[in-house]
Amino acid sequence: MSELKVLNSYTRQKEVFTPITPGHVGMYVCGPTVSGESHLGHARPFITFDVIYRYLLHLGYKVRYVRNITDAGHFEEEGRAAEDKISSKAVLEKLEPMELVQKYTNLFHWAMLQFNNLEPSIEPTATGHIVEQIEMIKAIIEAGYAYEVNGSVYFDIKKYSENYPYGKLSGRVLDEQLETSRELEGQDEKRNKADFALWKAAPPEHIMRWVSPWGEGFPGWHIECSAMATKYLGGQFDIHGGGMDLQFPHHESEIAQSTICNKETPARYWLHNNMITVNGKKMGKSYNNQIKLTEMFAGTHPLLEQAYGPMTIRFFILQTHYRSTLDFGNEALQAAEKGFKRLWEAYENLQKLDVPEQDSNAADEALNSKVNDLLSGMDEFMSDDFNTAKVLANLFELVPVINSIKDKHIAVSALSNATLNRLKKYFKEYIENILGLRSENAGDNGRLDGVLDLLIDIRKDARTKKDYATSDKIRNQLQELGILLKDEKDGSVGYSFQ
RNA sequence: GGUUCCGUGGCCGAGUGGCUAGGCAGAGGUCUGCAAAACCUUUUACAGCAGUUCGAAUCUGCUCGGGACCUCCA
């Protein structure tokens with residue numbers, strides 16, 4: 001097994017991954033802000049880091065995967081403030097803050113299940129860790145790197161940068177930050193524009209507020225991740241992940257806070273996934289081009305020509321390396337849908353293949369070694385900064401081999417029985433366990449299969465009698481329902497759902 | 001303005017010096033009652049210009065074009 005290498009954003013270099021504690025990995029990934037519904041862009045980090053998590057498990061590591069829920073602090077429900085001005089009665093019809101975050105947390109969990117993402121080991125909420133955050137802020141003040149003004153607490157970037165490499169992760173120079181940061185609320189309270197809030201005093205209308213040593217308020221955006229990562233993974237842990245857009249200021253601030261509190265840099269390896277774009281532009285609030293996940297699954301968005309299932313989206317994302325941008329497009333999604341279907345059917349064909357019990361040599365030595373090379377290549381690609389795109393390419397190169405064996409264009413004996421078993425094992429391990437793919441039609445019950453078997457049987461009789469009117473009627477009408485019958489070479493009939 | 005990344009064939013995308021990426025679409029063929037699927041074969045590339053090199057999509061410079069971050073952001 002080749003050793004795992006990852007591209008560390010902190011050093012901008014590909015490095016051999018060596019965990020702090022042999023055999024164990026601590027990984028923290030920035031989770032969702034549950035003030036609204038997740039969109040396609042949000043799916044990328046959670047699928048990316050799910051695959052990374054799965055691969056670490058595959059390598060035999062015991063992984064503690066922590067992914068937070070940001071349910072506190074700096075947000076309000078979209079559109080709420082404006083409506084409240086219209087009518088105070090509307091307030092009664094609005095959701096409680098915790099009701100709001102519960103609603104979107106549930107929706108987020110539902111989406112994660114749709115994508116077949118494994119659950120993180122710990123999923124801490126910001127609201128559940130106010131105490132830890134306050135303690136951390138107190139420690140930073142005591143260390144002399146934060147100051148309180150009018151009930152708010154700010155981190156002193158200028159002082160920090162005198163002793164620590166502020167800006168290293170995001171490649172920023174502090175002098176520029178001090179000059180170019182633009183006007184923001186509460187700017188006048190800060191000693192320097194680059195300083196960021198650890199704790200904000202809550203204005204009277206703010207919907208979420210907690211008691212603190214500095215008065216009622218709410219935590220700054222960055223402190224929750226530092227507090228929760230420290231609590232569950234320790235002062236220094238192995239991997240910190242998130243979207244590239246979080247590099248600055250979020251992760252840079254996290255590093256600063258944690259470094260002061262814990263006297264060491266928090267994460268050894270920083271991994272960042274790139275963005276999903278629409279017409280070359282990042283999917284996000286500012287461009288008003290987000291497609292919500294529920295809209296993706298249902299096909300209800302002007303940009304969508306059809307609905308796209310969660311496995312299609314997962315496959316679509318995995319076809320690209322996680323550090324590259326990925327451009328949304330109907331053509332690309334449809335290609336992913338068809339490609340995934342083809343891969344999945346080959347996988348099913350492979351699992352149904354009977355492998356001879358006794359050991360056998362390969363009749364086709366060249367093909368046999370080609371297959372083995374392609375399989376071994378998948379380990380190398382995954383270990384080279386999780387190159388799922390190349391893994392999929394190898395899987396696809398094996399598809400014609402599998403289908404040819406199934407259709408008897410290639411004899412089973414062409415491959416040694418060891419190779420066949422390895423092929424089966426690798427396909428299962430990679431497709432299901434590492435890439436986390438599953439049938440888009442998971443959850444069909446046995447009754448439908450029974451009904452289809454009956455129809456196939458009737459059609460078979462009709463065909464035997466050359467009653468093609470009946471046989472085509474069955475096939476055509478099933479096709480209208482999205483069920484595709486396929487006459488196989490050996491006389492059997494298979495079906496797939498579209 | 002500062003920092004930084006990218007520009008690959010109809011579409012999406014791998015790929016950091018020489019070896020077929022891959023998927024989808026297109027074309028031809030095999031198979032089939034007809035289809036579909038599958039299988040086989042196959043067309044269209046590396047933004048432009050100059051340079052380094054025996055050799056560049058891959059390195060350097062310039063030009064053009066686009067993006068990201070600098071504010072909430074996955």
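A quick note: this is a predicted structure, and the numbers were derived from the prediction, not measured. Each chain gets a letter, A, B and so on, in the order its sequence line appears, and its residues count up from 1.
Counting non-hydrogen atoms under 4.0 angstrom, A:Gly242 reaches the backbone sugars and phosphates but no base. Counting non-hydrogen atoms under 4.0 angstrom, A:Gly284 reaches nothing in the nucleic acid. Using a 4.0 Å heavy-atom distance criterion, A:Asp472 is classed as a base contact. Residue contacts shown for A:Ile410 are absent, as no nucleic acid heavy atom lies under 4.0 Å away. A:Ala332 comes within contact range of the sugar-phosphate backbone alone, with a heavy-atom separation under 4.0 Å but no base atom that close.
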Atom pairs and distances, donor-acceptor, side-chain atoms in residues 113-120 of chain A, under 3.5 Å, two or more places apart:
unit_1   : atom_1 : unit_2   : atom_2 : d
A:Asn116 : OD1    : A:Arg438 : NH1    : 3.1
A:Asn116 : ND2    : A:Gly436 : O      : 3.0
A:Asn117 : OD1    : A:Arg314 : NH1    : 2.7

Acceptor/donor pairs from residues 400-412 of chain A side chains to any protein atom, 3.5 angstrom cut, sequence neighbours excluded:
unit_1   : atom_1 : unit_2   : atom_2 : d
A:Asn403 : OD1    : A:Asn349 : ND2    : 3.1
A:Ser404 : OG     : A:Pro400 : O      : 2.7
A:Lys406 : NZ     : A:Glu488 : OE1    : 2.9

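B:G48 and B:U8 have their C1' atoms separated by 15 Å, with the value rounded to a whole Å. Rounded to the nearest Å, the gap between the P atom of B:G7 and that of B:C59 is 10 Å. Going from the C1' atom of B:A56 to that of B:G61 covers 15 Å, rounded to whole Å. Here, B:A14 and B:C19 have their C1' atoms 15 Å apart, quoted to the whole Å. Only the C1' atoms considered, B:G67 is 27 Å distant from B:A25, to the nearest whole Å. Rounded to the nearest Å, the gap between the C1' atom of B:U20 and that of B:C40 is 16 Å. Comparing the same atom, P, in B:U42 and in B:A74 gives a spacing of 47 Å after rounding to whole Å. To the nearest whole angstrom, the two P atoms, one in B:U44 and one in B:G1, are 42 Å apart.
A heavy atom lying under 4.0 Å from RNA chain B marks the following residues of residues 459-467 of chain A, by number: A:Arg459, A:Arg463. The stretch residues 397-408 of chain A touches RNA chain B through A:Glu397, A:Val399, A:Pro400, A:Asn403, A:Ser404, A:Asp407, each having a heavy atom within less than 4.0 Å of the strand.
A:Arg342 has no side-chain polar atom (N or O) that falls below the 4.0 Å cut-off from OP1 or OP2 of B:A37. OP1 or OP2 of B:G67 has at least one side-chain nitrogen or oxygen of A:Lys281 nearer than 4.0 Å. The shortest distance between the side-chain N/O atoms of A:Tyr287 and the OP1/OP2 oxygens of B:C72 is not below 4.0 Å. OP1 or OP2 of B:A14 lies within a sub-4.0 Å distance of a side-chain N or O belonging to A:Ser324. Using a 4.0 Å cut-off, some side-chain N or O of A:Lys338 falls inside it from OP1 or OP2 of B:A25. Residue A:Arg475 places no side-chain N or O under 4.0 Å from the OP1 or OP2 atom of B:G33. Contact annotation: A:Lys282 reaches the phosphate of B:C69 (side-chain N/O to OP1 or OP2, under 4.0 Å). Look at A:Asn387 and you'll find a side-chain N or O under 4.0 angstrom from OP1 or OP2 of B:G15.
For A:Leu246 and B:A68, the CG to C1' distance is 13 Å, given to the nearest whole Å. In this entry the distance linking CG of A:Leu367 with P of B:C39 reads 14 Å, nearest Å. In this structure, the CZ atom of A:Phe328 is 19 Å from the P atom of B:C24, given to the nearest Å. Straight-line distance from the CG atom of A:Asn394 to the C1' atom of B:G23: 13 Å, rounded to whole Å. The separation between A:Gln247 atom CD and B:C69 atom C1' is 8 Å, rounded to whole Å. Going from atom CG of A:Asp245 over to atom P of B:U4 covers 19 Å, rounded to whole Å. As rounded to whole Å, 9 Å separates atom C1' of B:A21 from atom CZ of A:Phe381. If you measure from atom CE of A:Met244 to atom P of B:C69, you get 11 Å, rounded to the nearest angstrom.
If A:Thr325 and A:Thr277 are placed on RNA chain B by their nearest nucleotide, the residue sitting closer to the 5' end is A:Thr325.
Scanning for side chain to side chain contact (heavy atoms under 4.5 Å, CB included) contacts around A:Glu331 gives an empty result, with sequence neighbours left out. Every residue was checked against the side chain to side chain contact (heavy atoms under 4.5 Å, CB included) condition with A:Glu480, not counting sequence neighbours, and none meets it.
The side chain of A:Asn273 sits closest to B:A74 out of B:A74, B:C12, B:G13. The side chain of A:His39 has B:A74 as its nearest neighbour among B:G10, B:A74, B:G15. Of the candidates B:G13, B:G23, B:C69, the closest approach to any side-chain atom of A:Ala335 belongs to B:G23. Nearest nucleotide to the side chain of A:His321, out of B:A21, B:A14, B:C70: B:A14. Side-chain atoms of A:Lys486 lie closest to B:A36 of the nucleotides B:A14, B:A36, B:A38. Of the candidate nucleotides B:C69, B:A14, B:G33, B:A14 has the atom nearest to the side chain of A:Lys390.
Checking A:Tyr104 against A:Asp71 by side-chain atom types alone, no donor-acceptor pair falls below 3.5 Å. Side-chain atoms of A:Tyr55 and A:Ser383 include a donor-acceptor pair closer than 3.5 Å. A donor atom on one side chain and an acceptor atom on the other are found under 3.5 Å apart for A:Tyr154 and A:Glu189.
From A:Phe328, atom CZ reaches atom CE of A:Met296 across 5.5 Å, with rounding to the nearest 0.5 Å. Taken from CG in A:Leu392 to CD in A:Glu397, the straight-line distance is 12.0 Å, to the nearest 0.5 Å. Note that the OG atom of A:Ser253 and the CG atom of A:Leu198 stand 9.0 Å from one another [nearest 0.5 Å]. Note that CG of A:Asp156 and CZ of A:Phe196 are 10.0 Å apart. Values are rounded to the nearest 0.5 Å.
Checked by distance alone, A:Asp327 brings no side-chain donor or acceptor within 3.5 Å of a matching partner on the base of B:G13. Residue A:Asp487 places no side-chain atom within donor-acceptor reach of the base of B:A37, judged by atom type and a 3.5 Å distance cut-off alone.
Checking B:A57 for Watson-Crick or G-U wobble geometry (two distances, each under 3.5 Å) identifies no partner in any strand. Across the strands present, B:G1 finds its partner in B:C70; the criterion is a Watson-Crick or G-U wobble pair with both atom distances under 3.5 angstrom.
By the criterion of a centre-to-centre distance under 5.5 Å and near-parallel planes under 30°, the ring of A:Tyr468 forms a stack with the base of B:G33.
A 6.0 Å sphere centred on NZ of A:Lys424 holds more than 12 heavy atoms belonging to other residues, nucleotides or ligands.
For the side chain to side chain donor-acceptor pair (under 3.5 Å) criterion with A:Lys14, the lone passing option out of A:Asn8, A:Asp384, A:Asp385 is A:Asp384.
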